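Single-structure report; data block below.
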Amino acid sequence: MEKGKATMNKDTLLVVGASGFVGKNIIEQLYEKYRIIAVDKKVDDSFFRSFLDVVSIEADITNLQDIEDIIDLYPPNFVVNLVSIVSAERDLSMFSSLIETNLKVLINLFETLQNKSSLRLFVQFGSAEEYGSLCPVPFRECDREYPDSPYALIKQATTNTTLMLHRNYDFPSMVIRPGNLFGKYQSKDKLIPYLMDKLYHGENIEMTPGKQERDFIYCSDLVVSLDGLLGNYKHAIGKIVNIASGVGISLRSLVESAKSLLDSDSKIKFGALPYRKNEMMHFQCDVGLLKSLIPNYRVTDFKIGLYSYLEFLKRSMED
């Protein structure tokens, strides 16, 4: 099923997995600059009605023929692959579905795109969780990874596969590893939306002691960085690039900042829950490579990002 119209005289950006949190932010911020083809197994019609120049296509993204048909119709200059099952669970039974989705879609895209002369850069979304709890901070792209979950391990596998395809087949690909993303359209079961919702409604929260540090980045900053990498694609090919703030913030500080911002009556019970086994206590990315590729790299102050996200939540509840 195809909806929308593709505008001409712009570089074509194919976003696979476009109805998710990151995909929506990419479309909202870049639709005026690129001719965007948005593909997903389920299209969010209510969102795409605001972006009539974006072609939204429902397709089985694990099916090679479906992907070939789309790419033949809309040969892309840039491709961003967001397809992934996202979970912090440690359940080993997830491996089959993770491999079926993450790796199969990547290989299908490669097989379809490898001989397309229009393609300048293929961007695979990884995760800074690939570094794991044993990797020293700040995480550098050249560090050995120690994934702590099936999700992180499969992400690492797609990273290595993407780089192997570049080395062996001259596939113009790269991997970006975002820090801890938050922002508009994120699912309520993720950490910051969950906490903000609880605090907004004055509900009590049970959590760990909160000494874990995370490298939070507002999603709009990620999109700006992604656009900068597309603009400097010749120097990005073949690389892993961290996109993060470069600053670690404890979860305790996160909750206290959000509680203050909302003037919430919620009671926070720090220490009510234990840390997970192999919990990543220190999570901070080195962003030196990103700054070298995007000289005007900037990042929104964490508290300003939280405030912007809160304003979005308020508008969403009013609609």
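Model, not experiment: these values are computed from the prediction. By convention here, the first residue in the shown sequence is residue 1.
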More than 12 heavy atoms from other groups under 6.0 Å of NE2 on H282: no
Residue pair V39, I67: steps toward the side chain to side chain contact (heavy atoms under 4.5 Å, CB included) verdict: CA-CA 9 Å; V39 180; I67 291 175; over 6 Å; no
Start with the C-alpha gap between D11 and R120, add the side-chain angles, then the distance that decides, and say whether salt bridge (charged side-chain N to carboxylate O under 4.0 Å, His left out) holds. CA-CA 10 Å; D11 287 333; R120 298 177 198 156; 3.0 Å; yes
Answer yes when D60 and K41 have at least one side-chain N-carboxylate O distance shorter than 4.0 Å, and no when they do not. no
Answer with yes or no whether the side chains of Q212 and S250 bring together a donor and an acceptor at under 3.5 Å. no
Is it true that D215 and S245 share a donor-acceptor pair across their side chains at a distance under 3.5 Å? yes
Report yes if the distance between the aromatic ring centroids of F122 and F78 is under 6.0 Å, otherwise no. no
Hey, would you say the F182 and F21 ring centroids sit under 6.0 Å apart? no
In terms of side-chain heavy atoms, does S84 have a donor or acceptor partner in N102 at a distance below 3.5 Å? yes
Verify the neighbour count for atom NZ of K269: are there more than 12 heavy atoms of other residues, nucleotides or ligands below 6.0 Å? no
Pairing donors with acceptors under 3.5 angstrom, does anything connect the side chains of D221 and T300? yes
Member of F51, F47, F48 meeting the ring pair (Phe, Tyr, Trp, His ring centres under 6.0 Å) criterion with Y31: F51
Ring-ring centroid check F302 Y218, cutoff 6.0 Å: no
Under 3.5 Å, is there a donor-acceptor pair linking the side chains of Q186 and Y309? no
If you count the non-hydrogen atoms of other residues, nucleotides and ligands that lie under 6.0 Å from CG in D69, is the total more than 12? yes
Would K184 and E311 pass as an ion pair if we require N to O under 4.0 Å? no
Assess whether a salt bridge exists between E256 and K259, defined as any Lys/Arg side-chain N lying under 4.0 Å from an Asp/Glu carboxylate O. no
Is the gap between the ring centers of Y146 and Y131 under 6.0 Å? no
